[in-house]
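Because the structure is predicted, anything quoted here is derived from the model rather than measured.
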Amino acid sequence: MEDTALNELNVSHIKLANGDEVVALVRSIEDASIFVESPLLINTMHSGEDRESFYFTEWMPMSESVVCINRSTVITHAECKRCRLLLLR
């Protein structure tokens with residue numbers, strides 16, 4: 001994928017009220033919903049003292065289309081420029 005196309009992707013880090021943290025390609029944001037594609041759950045693994053590792057697993061692995069997240073379940077979200085490559089499968 002060209003750098004220009006990659007830079008135009010809207011990838012966000014979304015923290016949900018249940019504690020899940022998701023990285024996903026945001027397709028659109030409407031009144032009460034955020035529509036995302038290829039959502040990945042951020043998992044944390046403690047490896048020794050003061051060390052943490054992160055790994056990703058599919059969030060909603062059975063979905064084959066855009067996933068709708070109710071905005072009332074979102075604590076915060078931010079654009080994530082460094083995570084774009086994770087979503088290219």
Drop me the distance from M45's CE to E52's CD, to the nearest 0.5 angstrom.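 Answer for the CE-CD pair, M45 versus E52, is 10.5 Å.
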Would you give the length of the straight line joining atom CD of E21 to atom CG of N43, rounded to the nearest 0.5 angstrom?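 If we round to the nearest 0.5 Å, E21:CD and N43:CG are 10.0 Å apart.
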Linked, directly or transitively: V22 and L25 (ILVMFWY side chains, under 4.5 Å):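 No, V22 does not connect to L25 through the hydrophobic network.
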Within one Ile-Leu-Val-Met-Phe-Trp-Tyr cluster: F54 and L40, side-chain cutoff 4.5 Å: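 Same cluster: F54 reaches L40 through Ile, Leu, Val, Met, Phe, Trp or Tyr contacts under 4.5 Å.
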Step-by-step side-chain contact (heavy atoms from CB on, under 4.5 Å) determination, V11 to V26: CA-CA 6 Å; V11 178; V26 176; over 6 Å; no
Where is the tightest heavy-atom contact between E37 and V66, given as atom of each residue plus distance?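 Distance-wise, the nearest heavy atoms are OE1-CG2, 4.0 Å.
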What are the two closest non-hydrogen atoms of N10 and E79, and how far apart are they?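 So the minimum-distance heavy-atom pair works out to OD1-CG, 4.4 Å.
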Could you walk me through whether F56 and I42 pass side-chain contact (heavy atoms from CB on, under 4.5 Å), step by step? CA-CA 5 Å; F56 299 89; I42 302 172; 3.5 Å; yes
Close side-chain approach of [X] to [Y], heavy-atom, < 4.5 Å:
X	Y	answer
I29	R71	yes
W59	I14	no
L16	I69	yes

Can you list the steps and then say if T73 with N18 is a side-chain contact (heavy atoms from CB on, under 4.5 Å)? CA-CA 8 Å; T73 65; N18 69 356; over 6 Å; no
Spell out, as yes or no, whether a donor-acceptor pair under 3.5 Å connects the side chain of S33 to the backbone of E30.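 Not a single qualifying donor-acceptor pair exists.
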